[in-house]
Amino acid sequence: MPRLTLSLLAGAALLASTQAPAGTFLAQALHPEVLKGQTLDQRLTRLAPGADPQVLSLAANALACADPDAERLAVIDYSLPSSEPRLWVFDLPRNELLFEELVSHGRGSGDAMATTFSNIPKSYQSSLGLFRTMNTYYGRNGYSLRLEGLENGINDLAYQRAIVIHGADYVSESFIEQTGRLGRSHGCPAVSRDVTYPLIDSIKEEQYLFVYYPDQEWLESSAFLACERDDRQLALR
């Protein structure tokens, strides 16, 4: 059953605390006056109250290091079970939350919960870290978006591994009702077929995806997370 679209008028900042279900195209915006002087991580937290603020802060820091002028940012929190929304897509110049979605992990990473991650080909595991989006194409999984992993030894083999965003029938509420979890990919962050086209189009070509899990080795070694940020870079543009 299609889900309701949540559209907030400019100035309706109080509605930002309403959590939308997975599969919803949000276009949820905050009035500029509400965001005046706020840093990027604060803005993301206001736009996506259902997400972990610490994860959004790490995503904001990584983006500030990579490209503070980026227009779109997608964030995946793999510390959450696959039965819950754990993918958010933000339009940064417009201060809008575009999507809050279910997303799969690789079958080598775990069952309902992802716990293991890899950069190794044929591991069928998901990878962590910051990615830059590339071009779209039609493949065996239909409309898909190539990803460039930006972190050496963490996700830099994503292109060679064919780790892409694509739609899948096993990413759906009905699949969760039958199995208690989503189906799993070969390592790709697969999304619902209902949102494949608009979601991919919203972040294609030189935008960014940040994939999180509380892996201490990655958190302590990531060049993007260790980058010293200037809070002025994170302030409202």
Side-chain angles (χ1 to χ4, degrees), residues 40 44 51 55-80 82 86-90 92 99 101 103-110 114-141 143-168 171 184-191 196 199-227 229:
L40 178 55
L44 298 181
V55 174
L56 296 179
S57 180
L58 290 171
N61 192 66
L63 186 65
C65 291
D67 185 357
D69 295 320
E71 295 185 351
R72 300 284 172 87
L73 171 65
V75 178
I76 294 175
D77 182 357
Y78 275 142
S79 70
L80 298 173
S82 65
R86 52 183 183 172
L87 165 63
W88 296 266
V89 178
F90 301 91
L92 303 179
F99 295 92
E101 298 293 330
V103 62
S104 73
H105 55 257
R107 72 187 192 194
S109 286
T115 57
T116 307
F117 301 88
S118 176
N119 194 39
I120 300 173
K122 297 185 179 180
S123 66
Y124 299 138
Q125 294 180 10
S126 299
S127 295
L128 302 175
L130 189 66
F131 299 78
R132 183 183 292 119
T133 64
M134 302 174 69
N135 61 298
T136 60
Y137 69 99
Y138 287 91
R140 65 180 182 179
N141 291 306
Y143 195 50
S144 304
L145 175 62
R146 291 188 172 96
L147 299 172
E148 176 189 7
L150 301 180
E151 305 206 33
N152 291 335
I154 301 297
N155 63 19
D156 60 327
L157 296 182
Y159 183 86
Q160 293 92 320
R161 295 178 61 203
I163 301 301
V164 302
I165 297 177
H166 63 78
V171 181
R184 296 162 299 164
S185 67
H186 285 181
C188 297
V191 299
T196 300
L199 190 150
I200 285 177
D201 284 344
S202 74
I203 56 171
K204 66 182 180 182
E205 299 173 357
E206 305 297 317
Q207 303 305 323
Y208 291 86
L209 167 65
F210 179 79
V211 181
Y212 169 83
Y213 183 80
D215 180 275
Q216 288 304 310
E217 183 176 355
W218 165 64
L219 290 171
E220 293 172 3
S221 65
S222 171
F224 293 101
L225 298 180
C227 173
R229 69 179 181 180

_Contact between Ser57 and Leu44 at the side-chain level, heavy atoms closer than 4.5 Å - yes or no?_
no
*Out of curiosity, Glu206 CD to Asn135 CG, how far, rounded to the nearest 0.5 Å?*
10.0 Å
*Would you please say whether a donor-acceptor pair under 3.5 Å links the side chains of Arg161 and Ser127?*
yes
*Considering all heavy atoms, the nearest Phe224-Ala66 contact*: CE2-CB, 3.7 Å
_Taking OH in Tyr143 as the centre, count heavy atoms belonging to other residues, nucleotides or ligands within less than 6.0 Å. Is the count above 12?_
yes
*Check Val89 against Ser202 and note the closest heavy-atom contact, atom names and distance.*
CG1-OG, 3.7 Å
*What distance do Ser118 atom OG and Asn155 atom CG have between them, rounded to the nearest 0.5 Å?*
11.0 Å
*Can you name the nearest heavy-atom pair linking Val171 to Ala190, along with the distance?*
CG2-O, 3.6 Å
*Between the main-chain N or O of Ile203 and the side-chain N or O of Arg72, is there a donor-acceptor pair closer than 3.5 Å?*
no
*With distance as the sole test, does Arg184 use its side chain to make a donor-acceptor pair with the main-chain N or O of Gly110 at under 3.5 Å?*
yes
*Counting only N and O atoms by type, is there a donor-acceptor contact under 3.5 Å from the side chain of Gln125 to the main-chain atoms of Ile120?*
no
*Just by distance, do the side chain of Asn61 and the backbone of Leu225 share a donor-acceptor pair under 3.5 Å?*
yes
_Set out, in order, the CA-CA distance, both residues' side-chain angles and the distance that settles side chain to side chain contact (heavy atoms under 4.5 Å, CB included) for Phe99 and Leu87, then state yes or no._
CA-CA 8 Å; Phe99 295 92; Leu87 165 63; 6.0 Å; no
*Test item: Glu151 side-chain N/O and Gly129 main-chain N/O as donor-acceptor pair under 3.5 Å*: no
*Nearest 0.5 Å, what's the OG1-CZ distance between Thr133 and Arg146?*
12.5 Å
*asked:* Would you say that Phe210 contacts Leu63 through its side chain, given a criterion of any heavy-atom pair below 4.5 Å between the two side chains?
replied: no
_Show the nearest heavy-atom pair for residues Pro189 and Ile163, with the distance to one decimal._
CD-CG2, 4.1 Å
*Heavy-atom pair with the smallest gap, counting every atom of Leu128 and Trp218*: CD1-CE3, 4.0 Å
*asked:* Nearest 0.5 Å, please: how far is CZ in Phe117 from OH in Tyr78?
replied: 7.5 Å
*Rounded distance [0.5 Å steps], CG in Asn119 versus CG in Leu157*: 4.0 Å
*Around Glu217, counting heavy atoms of other residues, nucleotides and ligands shown, do more than 12 lie under 6.0 Å from its CD?*
no
_Tell me the closest heavy-atom pair linking Ala70 and Leu92, and the distance in Å._
O-CD1, 3.5 Å
*Is Leu219 close to Leu58 at the side-chain level, that is, under 4.5 Å between some pair of heavy atoms?*
yes
*Evaluate the ring planes of Tyr124 and His186, with Trp represented by its six-membered ring, and classify them as parallel (under 30°), tilted (30 to 60°) or perpendicular (over 60°).*
tilted
*Just one of Thr136, Val164, Val191 clears the side-chain contact (heavy atoms from CB on, under 4.5 Å) bar with Ile200, so which one?*
Thr136
*Report yes if some heavy atom in the side chain of Ser82 is under 4.5 Å from a heavy atom in the side chain of His105; otherwise report no.*
yes
*With sequence neighbours excluded, tell me which residues meet ring-ring contact (aromatic ring centres under 6.0 Å, His included) with Tyr212.*
none
_Euclidean distance, Ile76 CD1 relative to Tyr213 OH, rounded to 0.5 Å_ = 15.0 Å
*List in chain and number order the residues that pass ring-ring contact (aromatic ring centres under 6.0 Å, His included) with Tyr208, two or more places apart in sequence or in another chain; answer none if no residue qualifies.*
none
